[in-house]
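Data block below; observations after.
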Amino acid sequence: MGSVGAKEVPVLLTPDGRRIDGRTLDELRPIRIEAGALHQADGSAFVEWGANKVMAAVYGPREVHPRHLQQNNKAVIQCRYNMAAFSVDERKRPGLDRRSQEISKVIAEAFESVVFAEEYPRTSIDIYIEVLQANAGTRCAGLVAASVALADAGIPMVDLLPAVAVGKVGGAIALDLRKEEDNYGEADLPMALVPQSGRLVLLQMEGHMTEEELARSLDLGVQGCRTIYEKMKAALRERYAVGPPAGGAA
Amino acid sequence: MGSVGAKEVPVLLTPDGRRIDGRTLDELRPIRIEAGALHQADGSAFVEWGANKVMAAVYGPREVHPRHLQQNNKAVIQCRYNMAAFSVDERKRPGLDRRSQEISKVIAEAFESVVFAEEYPRTSIDIYIEVLQANAGTRCAGLVAASVALADAGIPMVDLLPAVAVGKVGGAIALDLRKEEDNYGEADLPMALVPQSGRLVLLQMEGHMTEEELARSLDLGVQGCRTIYEKMKAALRERYAVGPPAGGAA
Amino acid sequence: MGSVGAKEVPVLLTPDGRRIDGRTLDELRPIRIEAGALHQADGSAFVEWGANKVMAAVYGPREVHPRHLQQNNKAVIQCRYNMAAFSVDERKRPGLDRRSQEISKVIAEAFESVVFAEEYPRTSIDIYIEVLQANAGTRCAGLVAASVALADAGIPMVDLLPAVAVGKVGGAIALDLRKEEDNYGEADLPMALVPQSGRLVLLQMEGHMTEEELARSLDLGVQGCRTIYEKMKAALRERYAVGPPAGGAA
Amino acid sequence: MSGEVTAEILTTHILDLAAEGKRLDGRTPDEYRRITVEPGFVVSADGSALVRLGDTAVLAGIKLEPGKPFPDTPNAGVLSTNAELIPLSNPTFEPGPPQPGAIEVSRVVDRAIRAAETIDLTRLCVTPSEKCWTCFTDVHVLDHSGNLIDASLLAAVTALAHATVPAKRFGIAEADYPLEVQHFPIECTFVRLGDTIVVDPTFDEEQAAQGRLTVATDETGRIVAMQKGLVGAFSPDDVKEIVGRAFVHGERLRAFARGGSA
Amino acid sequence: MSGEVTAEILTTHILDLAAEGKRLDGRTPDEYRRITVEPGFVVSADGSALVRLGDTAVLAGIKLEPGKPFPDTPNAGVLSTNAELIPLSNPTFEPGPPQPGAIEVSRVVDRAIRAAETIDLTRLCVTPSEKCWTCFTDVHVLDHSGNLIDASLLAAVTALAHATVPAKRFGIAEADYPLEVQHFPIECTFVRLGDTIVVDPTFDEEQAAQGRLTVATDETGRIVAMQKGLVGAFSPDDVKEIVGRAFVHGERLRAFARGGSA
Amino acid sequence: MSGEVTAEILTTHILDLAAEGKRLDGRTPDEYRRITVEPGFVVSADGSALVRLGDTAVLAGIKLEPGKPFPDTPNAGVLSTNAELIPLSNPTFEPGPPQPGAIEVSRVVDRAIRAAETIDLTRLCVTPSEKCWTCFTDVHVLDHSGNLIDASLLAAVTALAHATVPAKRFGIAEADYPLEVQHFPIECTFVRLGDTIVVDPTFDEEQAAQGRLTVATDETGRIVAMQKGLVGAFSPDDVKEIVGRAFVHGERLRAFARGGSA
């Protein structure tokens with residue numbers, strides 16, 4: 001979001017509306033989703049999205065740890081979003097920083113909004129998201145991976161949760177920012193959609209936009225989510241077509 | 001307590017026995033006590049004492065956390081004395097340092113000596129003291145606030161616990177030290193009194209005094225506690241006269 | 001193990017096969033074992049071995065803390081190996097570092113291999129090892145002390161666990177390295193033996209040796225363990241001869 | 001157990017009222033509780049403000065200390081924002097490391113302050129690459145009766161607006177001088193109660209809520225931060241409506257941050 | 001409870017099979033699972049490798065940063081090895097501080113890398129006593145189906161062998177250059193199942209094991225590290241036999257670290 | 001449960017005895033247990049002492065390291081005192097972060113050492129504002145059979161009195177030299193058992209106690225620190241009586257700190 005005293009800003013938008021990597025304003029980066037990428041987890045998915053690589057695993061419903069979090073009338077949904085030390089340019093110290101804890105919270109709340117948690121009282125559904133390689137949009141990639149992992153684990157949900165970030169770059173509203181756009185752009189707006197109801201269960205914003213720009217961003221994001229939704233369903237279809245655990249993040 | 005290599009010492013005592021703020025040796029700083037200053041707590045009090053501002057809240061009797069501290073024959077009394085980061089000249093890192101933990105322990109033990117804990121087996125009575133602005137004597141101000149908060153919460157006690165520090169300043173024994181006196185004085189002796197029995201349930205000392213000076217200090221402190229006791233009772237009377245939560249630290 | 005850029009290496013081996021302290025290659029440092037050195041512990045032992053001073057205490061079988069570690073069919077064996085801040089040349093920060101945690105783990109596993117844990121289901125047997133003065137070989141000294149402490153506590157075991165380190169120093173295989181030998185030598189190989197079965201329950205190695213050197217090291221270590229075994233039994237005989245707690249690390 | 005039952009009954013009641021456009025404390029859906037703002041409450045701080053939002057009370061304190069600029073921003077000072085949800089303020093808070101709720105408040109407040117460029121960080125630079133001011137904003141929640149985010153940012157911005165740089169005390173300048181604030185971000189929080197969206201929720205309304213949305217705006221007409229929280233969902237149209245309402249309330253609350261008093 | 005019973009039946013079955021020299025997945029006692037090695041899996045790292053050992057998957061990433069040499073080794077860079085057994089990889093792992101198992105993996109991997117002098121640390125010195133490279137090796141276990149130590153060291157050494165020193169990015173040299181590895185330590189792990197000693201144990205075999213022994217060898221014929229783990233015992237003759245087998249397997253696995261691909 | 005009952009019976013018995021001026025171990029109310037002091041117990045420390053007070057055993061070790069003076073005391077070295085109540089020493093201690101009891105011992109010992117000006121801190125300054133000695137006193141409780149504070153301070157002061165500044169090892173001077181102690185604070189602890197106040201309580205007496213009071217005195221006749229602990233109360237007259245007794249015992253215990261041996 002344009003930090004003070006930062007070095008010279010690269011050209012983020014060409015006169016003919018092309019972005020730094022040649023995409024149009026409403027174009028997603030390439031995305032590849034693999035359901036069932038792990039063997040130990042009850043459900044898992046690996047997502048490669050632009051230069052992001054994110055693994056998600058789901059365990060549960062199972063016993064709640066720590067015990068005092070147990071709820072009598074529903075499953076507890078716990079999420080741990082974590083970045084590998086080597087996933088970013090400057091090495092990150094292992095462990096959850098405040099940013100990771102905040103993201104874990106909003107992702108857990110997003111899934112609590114769609115999982116039929118009351119079907120599994122006194123249990124825990126644990127979602128683990130590991131960012132292995134980061135290039136802007138990791139929380140959305142994590143949501144997409146976790147959503148497919150939940151489906152892979154057979155957890156009943158209202159719907160899958162496609163997610164994408166919209167941003168403001170060089171004055172224009174653009175879909176699915178990559179790292180340079182996120183670093184030097186004016187705003188970043190990640191969101192997650194329940195396709196069935198058309199409602200948002202995750203929404204954050206940082207930067208600055210006008211009311212009118214926000215309205216356009218929401219519409220662009222919803223449209224992006226619907227595209228990703230199709231890819232998520234395709235990944236799950238492929239998984240069930242293949243049968244037993246495929247195994248292969250690579 | 002006069003640290004090594006410290007800068008020049010201010011004049012702490014005038015030839016006519018007046019202190020840096022004009023008080024006599026046995027004079028307290030102004031003190032204002034407001035019972036019921038908070039809405040969420042079961043009992044609360046705000047104390048402004050000289051340039052100290054201290055808030056106390058009491059929760060309980062309630063379930064014990066962590067559970068393994070539960071006692072079968074009485075309530076556990078837990079205390080957390082904490083200083084806000086901005087309460088002192090040099091910013092304090094958030095969280096309990098060793099000093100705060102020691103003070104929490106001696107305050108908890110002081111209240112355990114007067115609360116009828118056996119009336120509430122298997123429960124916890126939790127005392128929280130927050131120092132918002134500090135100017136020497138915060139543990140005594142905290143004790144006074146917590147004591148009024150316990151009464152406000154309806155916890156049965158032998159008696160209220162007035163508290164005050166006595167010190168040695170410029171060679172003289174003086175009541176209720178302020179910051180400069182504490183920093184450059186020779187000794188500090190905080191105490192808390194059970195007025196009914198005339199016994200002390202908190203007593204600490206740091207610095208140096210003779211046996212004779214200590215004896216005089218104890219007498220002066222007991223006298224100061226009795227004055228504060230009256231103010232505590234007045235604050236509680238006012239609280240019950242008014243009725244429902246007053247609300248207003250300011 | 002010969003760190004990069006270290007200062008000049010002392011002469012570790014004379015032409016006639018004598019070591020820095022005059023010992024032969026297969027000679028142990030002096031060792032003194034005192035069973036029952038503490039009063040509070042259920043079992044204890046103090047070991048002075050060369051310039052090492054190590055205290056061990058055993059508590060249990062007793063309730064398991066934390067509770068969720070409890071096992072229905074056997075006792076849990078927990079070990080905490082700790083070094084005092086002043087036990088080494090450069091002051092060690094209090095608390096368990098990663099090395100101490102690893103050593104705690106392998107020592108616990110060694111004792112789990114010989115204690116009849118199934119006789120005490122749902123309990124914990126807690127082994128505490130405190131290194132008060134360190135001079136290479138502290139994990140072996142700790143094992144010896146803990147083993148005697150377990151016997152002193154009356155915990156039934158297959159056998160005592162003598163332990164010793166073998167190393168490679170100045171090209172030769174040598175028994176029971178002292179600090180200079182460990183710092184400038186080529187390899188260190190601590191082991192713990194079950195004398196009855198002739199099997200090893202602890203074995204670690206760091207440095208470099210050939211396959212043939214390793215074979216000789218194992219034989220030398222087993223021989224050293226058998227010598228120490230006799231001293232351990234003697235210490236326990238003395239303890240029971242004397243009767244009630246002796247008391248005296250010094 | 002009985003606590004859970006009570007909570008369920010209360011939730012049902014709140015939702016029933018909301019369906020009629022009513023609230024437990026008599027407010028309309030688009031009405032804030034009474035606000036008071038007291039700058040300078042703590043003299044040991046370089047700036048401070050006590051904010052009350054109905055029964056919610058939050059104290060923010062500022063401390064400035066000399067520090068070192070980050071290598072990638074050699075001409076800028078450093079901001080650090082921290083919110084403590086101390087157990088004094090609510091029966092549900094436990095002592096211990098900061099909980100996700102406290103971290104969320106810290107980060108949402110911090111994000112608004114940064115994105116709005118509340119402070120001109122270049123003015124906090126003393127010697128490029130070598131020395132700058134680090135500005136710590138500590139938010140201490142004293143009484144948690146709901147809507148901590150709005151109260152916390154209002155307290156933080158008011159404290160910043162009334163803060164002094166202790167340049168003399170640290171021997172960096174001849175005299176202390178005002179910190180100065182260049183923008184005034186304000187956060188307005190809404191929760192969904194069935195089909196009704198209410199502003200400035202109480203603690204009980206937050207428990208009953210089906211989604212929470214916070215929108216930060218500044219005095220230039222920009223949206224500078226947003227945060228959806230809690231379980232629940234908002235349609236894009238809900239979001240647009242909320243943003244409009246946030247601009248209106250933001251304007252009114254900003255006067256408190258500037259002027260201070262009620 | 002029923003989980004415990006299942007585990008006991010499985011253990012008995014594994015031990016019965018082992019008595020006949022058989023294994024649950026059809027391997028012989030001296031056979032590794034299928035190995036694949038993918039260097040460069042993570043481009044944000046200065047070096048990386050994804051290693052699969054049957055169903056076990058481990059990712060190692062290298063990061064180099066300028067730092068300060070230790071006072072007692074002024075001419076050497078600094079190595080730091082860390083293994084994270086993240087809860088994503090196995091149902092038995094809990095979030096929280098590193099458990100003893102993770103610490104053991106970290107330390108056994110670290111010990112082999114150091115004792116083998118895998119990296120010539122003097123080449124990581126920039127200015128003696130003042131500036132050097134700190135080389136962080138982070139091992140991220142993704143799928144824990146047994147034998148983490150062998151997979152972790154193989155991933156770490158492969159990542160080091162394919163790593164680049166980011167000298168240009170940090171303004172220390174005109175161009176980045178390869179890190180270079182001077183020795184290739186390989187760890188081979190064995191467990192005792194009754195009287196049979198099997199290599200490359202699965203997760204279930206580790207649960208059933210009566211002792212585990214890891215032997216690290218390098219390409220010059222040296223043993224560089226050993227670690228006995230788990231409850232159980234080995235005779236000196238067992239150890240000698242295992243060391244011999246470790247040299248044979250080590251030779252084969254080393255090819256993966258050098259070449260990278262399967 | 002039965003443990004609780006046993007403890008109650010023991011407490012009653014201790015109080016009954018105390019009412020007659022007797023104690024479980026045959027001592028009078030004003031009698032210490034047998035004291036032995038062994039300086040130099042640990043040669044890896046720069047100073048050390050093992051103190052036994054009956055069945056209580058405490059080991060103190062000193063380490064001096066070069067450091068930086070605090071900005072507000074540029075001409076003074078730094079003291080750091082830490083007491084570890086390790087779980088080896090008593091069945092009630094758990095591994096983990098320091099408990100309030102351990103923190104209290106650390107702080108009460110530290111307070112006496114500082115207030116008595118045991119060490120002339122200006123002698124620990126090497127270069128004003130730049131370099132000084134940091135003197136770490138670590139107290140390791142080995143056997144906790146009551147009265148840790150008295151044993152800990154006695155061990156700490158003895159260790160300081162016999163410590164050496166390792167100036168040669170750190171290249172700061174040609175030779176090491178004695179640390180030198182200028183005052184000898186001694187803490188004496190008393191507990192109330194009914195109307196009887198006894199000195200040097202055992203672990204069981206501490207459990208039965210109705211208040212504990214520690215008084216530190218030095219050889220110049222000054223009181224330098226006090227600490228009331230545990231549940232219970234003392235009248236001002238009790239305090240005055242205890243202070244008088246503390247001066248008498250202090251004189252005797254001080255001989256151990258100076259001379260070392262029993």
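Just so we're clear, the structure is a prediction, and the values are computed from it rather than from any experiment. Below, all heavy atoms of this structure are taken into account, side chains as well, without hydrogens, waters or symmetry copies.
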- Message: I want to check a possible cation-pi pair here: Lys53(B) against Phe46(B), using under 6.0 Å from ring centre and within 45° of the ring axis as the test.
- Response: no

- Query: Regarding Arg80(B) and the six-membered ring of Tyr128(B), is the cationic atom NZ or CZ under 6.0 Å from the ring centre and inside 45° of its axis?
  - Reply: no

- Query: Does any heavy atom of chain B fall under 4.5 Å from the side chain of Asp55(D), the backbone, both, or neither of them?
  - Reply: both

- Item | Interface moiety of Thr56(D) toward chain B, non-hydrogen atoms closer than 4.5 Å | neither

- Message: Looking only at heavy atoms and a cut-off of under 4.5 Å, which of Pro166(D), Ser48(D), Ala57(D), Ser145(D) has the most pairs with chain B?
- Response: Ser145(D)

- Task: Look at Gly61(D), Ala60(D), Pro87(D) and state which one has the largest set of heavy-atom pairs under 4.5 Å with chain B.
- Result: Pro87(D)

- Task: May I ask you to check whether over 12 heavy atoms, not counting those of Arg67(B), lie within 6.0 Å of atom CZ?
- Result: no

- Message: Between Glu90(B) and Lys63(D), does any NZ, NE, NH1 or NH2 come within less than 4.0 Å of an OD or OE carboxylate oxygen?
- Response: no

- Which atoms of Asn135(B) come close to chain D, meaning under 4.5 Å heavy atom to heavy atom: side chain ones, backbone ones, both, or neither? neither

- Most contact-rich option vs chain D, by heavy-atom pairs under 4.5 angstrom, among Ala134(B), Ala51(B), Gly60(B), Ser87(B), is Ser87(B)

- Task: Would you please say whether a donor-acceptor pair under 3.5 Å links the side chains of Tyr81(B) and Thr138(B)?
- Result: yes

